[in-house]
Every structure is written in C-alpha cells, then in structure tokens.
Amino acid sequence: MSFPSKVAIDGPAASGKTTIANQLAERWDYLFFDTGVMYRAVTWIALKNKISTKDEPAISSLAESVQIDVKPPSKDDGREYDVLADGIDVTWKIRKPAVDAKVSRVSAYPIVRKALTQQQRRIGLRGKVIMVGRDIGTVVLPEADLKIFLDASVEERARRRFHQRIDRGEKVDYPKILKKLKKRDKKDSTREIAPLRAAPDAVVINTDTLSVADVVSRIEEYARKLDNETDA
Ligand code: DC
C-alpha cells in the first residue's frame with residue numbers, strides 16, 4: 001500500500017497531535033513536522049530579549065529574521081527532535097509555561113504567520129510529511145492528501161498536559177492548566193487569520209476515549225481507504 005504523501009493533522013492544544021503524528025511518521029518513515037515549535041521559538045526569543053509580545057512590529061521583524069531549524073535529536077533526554085533558534089538549542093525552553101502564556105498572541109500577528117507559513121509550506125511540499133498545527137489543512141497545505149482534525153474535551157486535554165508536566169518533574173496545578181488551556185483555545189479559534197478550525201474535507205476524530213494506538217489505527221484505515229479509491 002502507498003501512504004498519502006502529505007498529511008495534515010490539526011487540533012487544539014494537547015489534543016494528542018504530536019504523539020499521534022510522531023508514531024505515524026515512524027511507522028511510515030515520514031518526516032514529522034510540528035509547526036507549533038516555530039511560533040514557540042519566536043515567542044521564546046522575544047521573551048529572552050525582553051521584547052514585549054504586545055510590540056507587534058518588533059515581534060513581526062523578529063519572525064522574519066529568526067532562523068529556526070528542526071533536526072534529529074542530539075540528546076537522549078526524551079526529546080523527539082532538536083529545535084534550534086538562531087543556533088541555540090531551545091527544545092525544552094519553548095515548552096515552558098511562560099511561552100505557553102504568550103504564544104497565542106504572537107501567533108495571531110499577520111506578518112508572523114506569513115513568515116512562518118511560507119517556511120512550513122516549503123517543507124510540506126517536499127512530501128512524505130506529517131505536518132501538525134492549527135491551520136495545516138486550511139492554510140499551509142490545503143492540498144494535503146489526508147486531513148485529520150484531532151479533538152478532545154478541554155478537561156481531558158488538561159489532564160494529559162498535567163501528566164506530561166509531572167513526568168518531566170515539573171510542579172503543576174490542574175485547575176491552573178485547565179484555565180490556561182481554555183484561554184488559549186479561545187485565542188487560537190477566534191483570531192482573525194487562520195483560526196483553529198477543521199477543514200471542510202478533514203476527518204474529525206474525538207480522542208477522549210481512544211488510546212494512541214486506536215487513533216493511529218483509525219488514521220491508517222483512512223489512509224488505506226484513500227489508497228483504494230485512488231486505485232479504483
Ligand atoms: O501546538 P502548540 O501548542 O505547540 O502550538 C503553540 C501555539 O502556536 C498555539 O497556541 C497556536 C500556534 N500555532 C498556530 O497558530 N498555527 C500552527 N500551525 C501551529 C501552532
């Protein structure tokens with residue numbers, strides 16, 4: 001069987017996109033590309049350089065000039081890849097709550113989106129890619145062969161985020177995580193440009209009661225169906 005060449009996986013924060021896409025990419029020997037890391041890297045650099053994330057012109061020119069690279073993992077510390085921003089290893093730094101709190105604002109700026117979308121599209125068009133984000137099926141790769149929209153209740157997503165953080169040895173508070181996720185959901189889905197939304201031709205999967213293996217096998221089923229349709 002041949003797998004679809006360009007796969008878009010969108011969905012809200014902590015819906016399981018990264019875990020699922022990573023497994024599929026391993027099984028199919030595809031590139032896994034998590035586009036959220038680019039918005040996070042811009043946010044982290046801004047915070048590090050004490051640029052206010054409210055300063056749209058400064059953040060926009062930062063996004064146009066920063067060099068973001070995603071490379072195979074250089075350390076065995078649980079990372080799935082290295083994220084480099086202007087040569088600095090920011091893989092874990094971009095996962096900090098300070099970045100979580102500001103990234104939605106940064107990702108709503110039109111020039112930021114334009115600059116990062118262009119880079120993402122270039123990578124996506126090479127094919128054999130599983131690309132993860134909020135607007136992959138709608139904006140970055142509207143011609144994707146298979147579009148998946150992963151969803152889950154905000155409580156379940158907060159629970160998953162809570163456990164991820166505990167596993168990383170961080171101090172966490174469930175009600176705070178839940179509150180912050182709700183805030184990000186609202187910002188991501190109500191922004192003017194490329195809001196979080198399932199493409200009309202996306203397959204929507206609610207993962208509340210599904211295991212990772214269940215979701216992976218469902219997506220492979222859709223991929224098989226597509227392959228059969230192309231053969232027919
Ligand atoms: O998937 P994530 O939580 O790492 O994404 C971080 C933020 O980046 C999220 O709040 C919305 C934004 N984002 C986006 O607007 N478009 C994408 N394609 C990916 C992420």
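Every value quoted in this text rests on a predicted model; they were computed, and no experiment measured them. Atoms within each ligand, like the ligands themselves, are counted from 1 in listed order.
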Fill in: salt_bridge(Arg165, Asp100) N-O dist < 4.0 Å
yes
Worksheet item: Can you pull the salt bridge (Lys or Arg N to Asp or Glu O under 4.0 Å) pairs that have at least one residue in residues 9-30, sequence neighbours excluded?
Response: Arg27-Glu220
Discussion item. Tell me whether the rings of Phe32 and Tyr81 are parallel (<30°), tilted (30 to 60°) or perpendicular (>60°).
Written reply: tilted
Fill in: Ala58 versus Ile51, closest heavy-atom pair with distance
CB-CG2, 3.7 Å
Worksheet item: Which pairs with one or both residues in residues 127-140 pass salt bridge (Lys or Arg N to Asp or Glu O under 4.0 Å), sequence neighbours excluded?
Response: Arg113-Asp135, Arg134-Asp188
Give every pair formed by an N or O atom of ligand 1 and a protein N or O atom closer than 3.5 Å, one pair per line with both atom names and the distance to 0.1 Å, or write none.
{"from": "ligand 1", "atom 1": "1 (O)", "to": "Arg134", "atom 2": "NH1", "distance (Å)": "2.8"}
{"from": "ligand 1", "atom 1": "1 (O)", "to": "Arg134", "atom 2": "NH2", "distance (Å)": "3.4"}
{"from": "ligand 1", "atom 1": "3 (O)", "to": "Arg40", "atom 2": "NH2", "distance (Å)": "3.1"}
{"from": "ligand 1", "atom 1": "3 (O)", "to": "Arg134", "atom 2": "NH2", "distance (Å)": "3.2"}
{"from": "ligand 1", "atom 1": "3 (O)", "to": "Arg184", "atom 2": "NH2", "distance (Å)": "2.6"}
{"from": "ligand 1", "atom 1": "4 (O)", "to": "Arg40", "atom 2": "NE", "distance (Å)": "2.7"}
{"from": "ligand 1", "atom 1": "4 (O)", "to": "Arg40", "atom 2": "NH2", "distance (Å)": "3.4"}
{"from": "ligand 1", "atom 1": "10 (O)", "to": "Ser104", "atom 2": "OG", "distance (Å)": "3.2"}
{"from": "ligand 1", "atom 1": "10 (O)", "to": "Arg184", "atom 2": "NE", "distance (Å)": "3.4"}
{"from": "ligand 1", "atom 1": "10 (O)", "to": "Arg184", "atom 2": "NH2", "distance (Å)": "3.2"}
{"from": "ligand 1", "atom 1": "10 (O)", "to": "Asp188", "atom 2": "OD1", "distance (Å)": "3.3"}
{"from": "ligand 1", "atom 1": "10 (O)", "to": "Asp188", "atom 2": "OD2", "distance (Å)": "3.1"}
{"from": "ligand 1", "atom 1": "15 (O)", "to": "Arg113", "atom 2": "NH1", "distance (Å)": "2.8"}
{"from": "ligand 1", "atom 1": "15 (O)", "to": "Arg113", "atom 2": "NH2", "distance (Å)": "3.3"}
{"from": "ligand 1", "atom 1": "15 (O)", "to": "Arg191", "atom 2": "NH1", "distance (Å)": "2.8"}
{"from": "ligand 1", "atom 1": "15 (O)", "to": "Arg191", "atom 2": "NH2", "distance (Å)": "3.0"}
{"from": "ligand 1", "atom 1": "16 (N)", "to": "Arg113", "atom 2": "NH2", "distance (Å)": "3.0"}
{"from": "ligand 1", "atom 1": "18 (N)", "to": "Thr35", "atom 2": "OG1", "distance (Å)": "3.0"}
{"from": "ligand 1", "atom 1": "18 (N)", "to": "Arg134", "atom 2": "N", "distance (Å)": "3.3"}
{"from": "ligand 1", "atom 1": "18 (N)", "to": "Asp135", "atom 2": "OD1", "distance (Å)": "2.8"}

Response to the item:
Residue pairs meeting salt bridge (Lys or Arg N to Asp or Glu O under 4.0 Å), one or both in residues 50-61, sequence neighbours left out, come to none
